[in-house]
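One structure is given below, encoded as structure tokens.
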Amino acid sequence: MTVEQAKQHYTETMAKVDALDYATSLLHWDMDTIAPKKGQAVRGETIARLSGEVFALTTSEAYGQTLDALWENADRLDSILHRSVAVARRDYEKDKKIPQDLFEAYTLAQSASNNAWKEAKAQNDFALFRPHLEKLIGFSKQFVELWGFEGHPYNALLDNYEEGMTVELLDGIFPPLRDATAALVGKIGAKEPPIKPIISAGKQEQIGHYLLRTIGYDLEAGNLFTTEHPFESRIHPHDVRVTTHYYEENPFSSLFSVLHEGGHGMYEQNVSDDLPGNLHSGASLGIHESQSRFWENMIGRSRAFWETQFTPLSAIAGVGLGTDAEDAFRTANHTAPSLIRIEADELTYNLHVIIRYELEKAIFSGDIAVDDLPGLWNEKYLEYLGVSADTSAQGILQDMHWSAGYFGYFPTYSLGNLYGAQFAVTLQKELGSLDSLIRAQGGFSKIRDWLTEKIYRYGKLETPSQILQRVTGEPLNSRYFIDYITAKMADLYGI
Ligand code: ZN
């Protein structure tokens with residue numbers, strides 16, 4: 001096969017995969033939003049069939065030969081194609097290492113586990129989920145052996161969600177973050193929850209649209225919808241939809257969900273169209289989360305945001321979002337140790353993630369068994385957050401990740417916070433303080449343009465650590481987030 005033939009075959013395969021992915025994403029979107037109940041089964045089968053087509057295309061012998069032919073001539077590929085082929089080879093080799101029958105058995109175990117988890121959570125009974133969890137951990141341990149790893153076995157799983165991430169790196173990053181956060185949580189103590197205004201779903205929807213327009217999300221390349229759990233759905237960079245949920249007694253919930261999902265959405269909308277299919281989306285879960293949390297927390301939960309947005313937001317709502325801007329700013333930043341990760345505030349959130357990281361790491365190093373998990377879960381919550389769950393539904397059964405076998409996923413949430421704070425330091429060196437940008441006319445577009453120029457447009461052209469190094473000039477460092485959150489808590493709570 002000549003290089004030209006290989007390039008042509010590669011481009012054709014990529015175009016087919018793109019089309020199938022596009023269709024699958026739309027089917028998923030429809031299933032997660034408006035599909036009627038009776039349509040679910042056939043929808044699931046169709047998605048499985050289309051995904052099977054993608055799997056067949058990208059694991060075929062012919063495709064493997066094409067990738068080899070291109071890689072043997074790597075010096076003749078331009079930098080974009082070079083990276084695209086490198087990513088494709090990495091995926092190809094990982095997929096090829098898992099025997100088909102093992103993968104099928106795993107898929108079956110996953111769906112059985114998910115059902116058992118739902119039942120266990122509803123009945124508050126970890127014992128119902130326990131054998132399934134053990135089984136999925138067993139599969140993941142087999143995958144780790146088949147894929148191979150350097151250093152800690154858990155590295156092979158981390159790498160699935162954040163390319164290049166390792167235990168060695170995280171063990172340098174998470175302990176200082178954990179200790180600094182736990183110390184702040186202890187100093188702040190328990191505070192009375194704030195009183196929130198009641199705002200109708202219709203008004204909250206208007207607020208959602210206003211916020212998306214304000215931050216620069218392109219409403220001609222996406223829109224805002226309602227679902228039980230907020231999410232962002234990238235069908236294509238020209239079609240990136242976001243959803244939210246309206247609680248009339250807690251309007252802040254939707255407001256911050258919209259900023260969060262809008263942050264994810266803007267990232268996808270601004271990935272360069274020059275990139276081929278397998279690079280044509282956000283770099284990684286961690287980098288993605290850095291963008292959603294940047295807009296949600298570093299912008300939306302800042303004093304400057306509330307001092308400038310309190311009046312327009314209250315005008316749309318027809319009622320004040322607090323007694324004044326300062327009151328709304330404090331409500332938005334209410335901090336308290338809690339049991340549920342997805343309801344946790346900006347300060348305590350990382351502790352929930354670090355607990356899961358420490359447990360997963362110990363599982364995959366073989367230091368602990370499944371039966372140790374509930375006890376260790378409660379011990380760590382008590383030690384780091386000072387709270388412990390009365391029920392397993394509020395404790396170890398709260399997240400769906402383990403029920404689906406997503407081991408190695410959790411750390412990306414906290415990585416997002418750390419990357420975001422590190423990017424923000426560079427952004428402020430180059431554009432001036434976030435405070436002044438948020439208060440200035442046109443400040444949000446300056447911020448968005450900077451992020452597009454430095455991060456968004458690159459898609460997956462670089463690894464997460466390459467992006468961080470290029471943008472900030474140094475590797476990941478948790479000091480920036482620790483400094484940021486310490487200063488914020490000092491301001492809010494006088495500690
Ligand atoms: Zn997110």
Side-chain angles (χ1 to χ4, degrees), residues 25 28-29 32-33 158 160-163 165 177 208 211-212 215-218 222-235 237 239-247 252-271 281-301 332 338 340-354 356-357 398-401 404 406 408-424 447-448 451 455-456 459-460 464 467-468 476 481 484-485:
S25 303
H28 266 294
W29 164 263
D32 294 339
T33 52
L158 288 170
N160 281 342
Y161 300 101
E162 197 70 4
E163 187 180 349
M165 192 46 63
L177 174 64
L211 288 172
L212 290 176
I215 63 173
Y217 169 93
D218 183 355
N223 211 337
L224 178 64
F225 300 84
T226 314
T227 51
E228 192 182 337
H229 297 290
F231 64 90
E232 167 261 334
S233 173
R234 171 215 179 268
I235 290 153
D239 185 352
V240 186
R241 307 171 189 191
V242 292
T243 78
T244 187
H245 185 139
Y246 304 111
Y247 301 103
F252 285 78
S253 174
S254 170
L255 194 151
F256 287 110
S257 288
V258 167
L259 287 174
H260 183 98
E261 304 308 336
H264 279 304
M266 278 203 295
Y267 185 1
E268 289 295 337
Q269 287 179 336
N270 290 291
V271 171
S281 61
S284 70
L285 290 174
I287 300 287
H288 237 295
E289 208 58 14
S290 78
Q291 297 314 300
S292 54
R293 283 171 196 272
F294 174 80
W295 287 99
E296 176 193 353
N297 291 329
M298 300 193 78
I299 304 277
R301 287 192 163 90
S338 63
I340 308 292
R341 176 185 60 86
I342 59 167
E343 289 163 14
D345 55 77
E346 191 181 5
L347 172 67
T348 57
Y349 188 86
N350 293 312
L351 291 175
H352 294 261
V353 173
I354 291 172
R356 289 153 178 76
Y357 165 71
Q398 65 180 271
D399 299 303
M400 58 68 65
H401 301 63
Y406 296 168
Y409 190 121
F410 282 119
T412 64
Y413 294 122
S414 283
L415 285 169
N417 289 328
L418 303 180
Y419 292 147
Q422 193 164 330
F423 287 139
I447 295 170
R448 195 190 64 247
L451 293 169
I455 301 167
Y456 297 168
K460 288 191 201 301
I467 295 173
L468 199 69
L476 181 59
F481 181 81
Y484 155 77
I485 201 75

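Start at 1 and go down the list; that is how both ligands and their atoms are numbered. Only a predicted model underlies this, so the values are computations on that prediction, with no experimental measurement involved.
His260 and Glu232 form no side-chain donor-acceptor contact under 3.5 Å, judged by distance and modelled atom types alone. With no hydrogens or angles considered, a side-chain donor-acceptor pair links Arg301 and Asn297 at under 3.5 Å. With hydrogens and angles left out, the side-chain atoms of Tyr484 and Glu346 include a donor and acceptor closer than 3.5 Å.
At least one N, O or S atom of His260, from either the backbone or the side chain, sits less than 2.8 Å from the Zn ion (ligand 1). Counting backbone and side-chain atoms alike, Glu232 contributes no N/O/S atom closer than 2.8 Å to the Zn ion (ligand 1).
At the Zn ion (ligand 1), the vertex angle linking OE1 of Glu289 with NE2 of His264 is 90° (nearest 10 degrees).
Ring pair Tyr406/Phe410: centre-to-centre distance not below 6.0 Å.
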